[in-house]
Amino acid sequence: MNPIEATNRNFHVAAQLLDLDEHNVRQLLTPHREIKVECSITLDDGTLATFVGYRIQHDQSRGPMKGGIRFHHEVDHDEVGALAALMTWKTAVVNLPYGGAKGGIGCNPSGMTEAELQRLTRVFVQKMHDLVGTYTDIPAPDMGTNARVMGWFVDEYAKFHGWSPGVVTGKPIELGGSLGRDSATGRGLLYGAECLFESDGRDVKDFTYAIQGFGNVGSWAARLFHERGGRIVAVSDVGGAIRNPAGLDVPALVDYVAVKGGVKGFPGGESFPRDQLLFQECDVLIPAALGGVIHADNAAEIRARYILEAANNPVEPDADAILSKRGVTVLPDIYANAGGVTVSYFEWVQNLQHYKWEEERVHTELRHRMRSAWNDLQATRTRYGCSLRTAAFALAVSRVDRATRLRGL
Ligand code: NAD
């Protein structure tokens, strides 16, 4: 399913529940602005290459727009548009004073040198620096980008507008990044999972976990759930998958991946085909790689009781219905992976205040935000007698709709 279709289906269920009128629905769905740019660079071998970059600014009624920049070969207009809308709903669920946006460049970062990636990032900034800013639209890292890329971004932006660390988040610490940003999405997932399990009278340590993706989010989730006593029984990445029903030694795996570049061949587990990760025997499945991986054709094969959506859009709406009938609880992406944008917000606040927080404060405030959002989510679920996904969308859409009306737009 096209990612915009999937996001909008969830939106429409919430809009109906909230009894929004046709005009409001149209206004909330229509992006504020869409930018598409040509990014041509010279490759290291002297040849020219042209890439297409996007920034879609979805909504700004609750504050400056916020969302990552993705470097991936599948980046296209529809994907970026869906992810931009998801950011609007995500910032609203956790009640940050932001709207939503997303950007990306269709490229294969793993096949490019660091110098080529730097040139590409700088050209992208040159093409759209006038349309982002500390109080308008604040990018951040996403799949295929990292603190290093944000460092190049803030430097290129400074050439046009002067030093403005608040224009992007997820920066290196030395350039105004926040302590705790690196682990924030995985940590927010842990705090959200604690709330979910508590509401079922259970704890993180009671369960086994399978994790798809071992990049920023997946590897931090593995570390943090492991530290809290959870047993990580299977992980995968683009190069392979490994499992150990007795539990993987996660710190050793992290060290192994740092040297080898992937999980394949880790001696503390048995290798298996990476496309079988989703169907492994486990209590909790954490998709932390790509969107659309759980769909109507494979939802019946999932063996987990819980799915924590660390990635954006990993479960399609048709699969949601099948999973719900089978009693699988899905912690929806717009809540589950909101830890990253929440600590991005803390970074922005620190940049505006020119005051650095201790790491412990970042973790404490993140936990507080995730718990407070969980309470709002639970109240909405009880009020409408619906799934957590519908509750998350209803909570978010009602907040954005109210802000839009109050601004009189
Ligand atoms: P990343 O680039 O650091 O890692 C992605 C991981 O997915 C890598 O380990 C890669 O090998 C793996 N992968 C790619 N294709 C795969 C496949 N077919 N099968 C198995 N593994 C595969 O990206 P990330 O920052 O960890 O983001 C992961 C997901 O989380 C994305 O959907 C992203 O949008 C979402 N997300 C990230 C953040 C953040 O703060 N980084 C915040 C919110 C949501």
Side-chain angles (χ1 to χ4, degrees), residues 3 7 66-75 79-80 82-84 86-87 89-91 93-94 96 100 102-104 107-110 117 139-150 168-171 177-178 180-189 192 210-223 234-242 253-254 257-258 260-264 272-280 285-294 308-315 331-347 366:
T7 305
K66 188 87 191 81
I69 294 177
R70 177 175 287 203
F71 285 0
H72 191 264
H73 64 276
E74 283 174 8
V75 163
E79 183 183 71
V80 176
L83 293 170
L86 267 187
M87 285 307 299
W89 313 132
K90 190 181 300 183
T91 54
V93 166
V94 281
L96 304 177
K102 201 81 177 189
C107 65
N108 176 14
S110 57
L117 285 171
D142 193 78
M143 228 162 85
T145 57
N146 53 23
R148 196 78 215 276
V149 175
M150 297 305 115
V168 285
T169 57
K171 298 179 292 294
S178 177
R181 174 62 184 85
D182 218 29
S183 65
T185 306
R187 196 176 294 279
L189 187 78
I211 305 177
Q212 182 186 51
F214 206 71
N216 172 284
V217 182
S219 66
W220 271 109
R223 271 190 250 191
V235 300
S236 67
D237 64 17
V238 73
I242 44 140
L253 176 60
V254 169
V257 171
K260 302 281 183 184
V263 302
K264 194 176 173 185
F272 67 101
R274 76 159 199 223
D275 59 2
Q276 290 305 303
L277 184 283
L278 299 172
F279 318 119
Q280 294 301 298
L285 177 62
I286 303 182
L290 305 171
V293 291
I294 302 173
L308 312 180
E309 291 190 320
N312 289 313
N313 263 330
V315 177
L331 195 65
D333 49 7
I334 57 172
Y335 170 72
N337 68 30
V341 70
T342 302
V343 174
S344 271
Y345 165 62
F346 298 158
E347 179 177 332
L366 173 60

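Note that ligands are numbered from 1 as they come in the structure, with each ligand's atoms numbered from 1 the same way. Side chains included, hydrogens not; waters and symmetry mates left out as well; all remaining heavy atoms used.
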Next item on the list: Any chance you could measure E309, atom CD, to L285, atom CG, to the nearest 0.5 Å?
Entry: 10.0 Å
Next item on the list: State whether the side chain of E347 and the backbone N or O of K171 hold a donor-acceptor pair below 3.5 Å, judged by distance alone.
Entry: yes
Notebook entry, point to check: Considering all heavy atoms of both residues, which atom of A82 and which atom of N313 are nearest to each other, and what is their separation?
Noted result: CB-ND2, 4.3 Å
Notebook entry, point to check: With side chains defined as the heavy atoms from C-beta onward, is the minimum distance between L366 and R187 less than 4.5 Å?
Noted result: yes
Note to self: I need the contact residues for ligand 1: any residue with a non-hydrogen atom closer than 4.0 Å to the ligand, ordered by chain then number.
What the structure shows: R70, D142, M143, G144, R181, T185, Q212, G213, F214, G215, N216, V217, S236, D237, V238, R274, A288, A289, L290, A310, A311, N312, N337
Note to self: I'd like to check the side chain to side chain donor-acceptor pair (under 3.5 Å) partners of D142; sequence neighbours left out, ordered by chain and number.
What the structure shows: R70, K102
Note to self: Between N146 and N216, do the side chains contain a donor N or O and an acceptor N or O under 3.5 Å apart?
What the structure shows: no
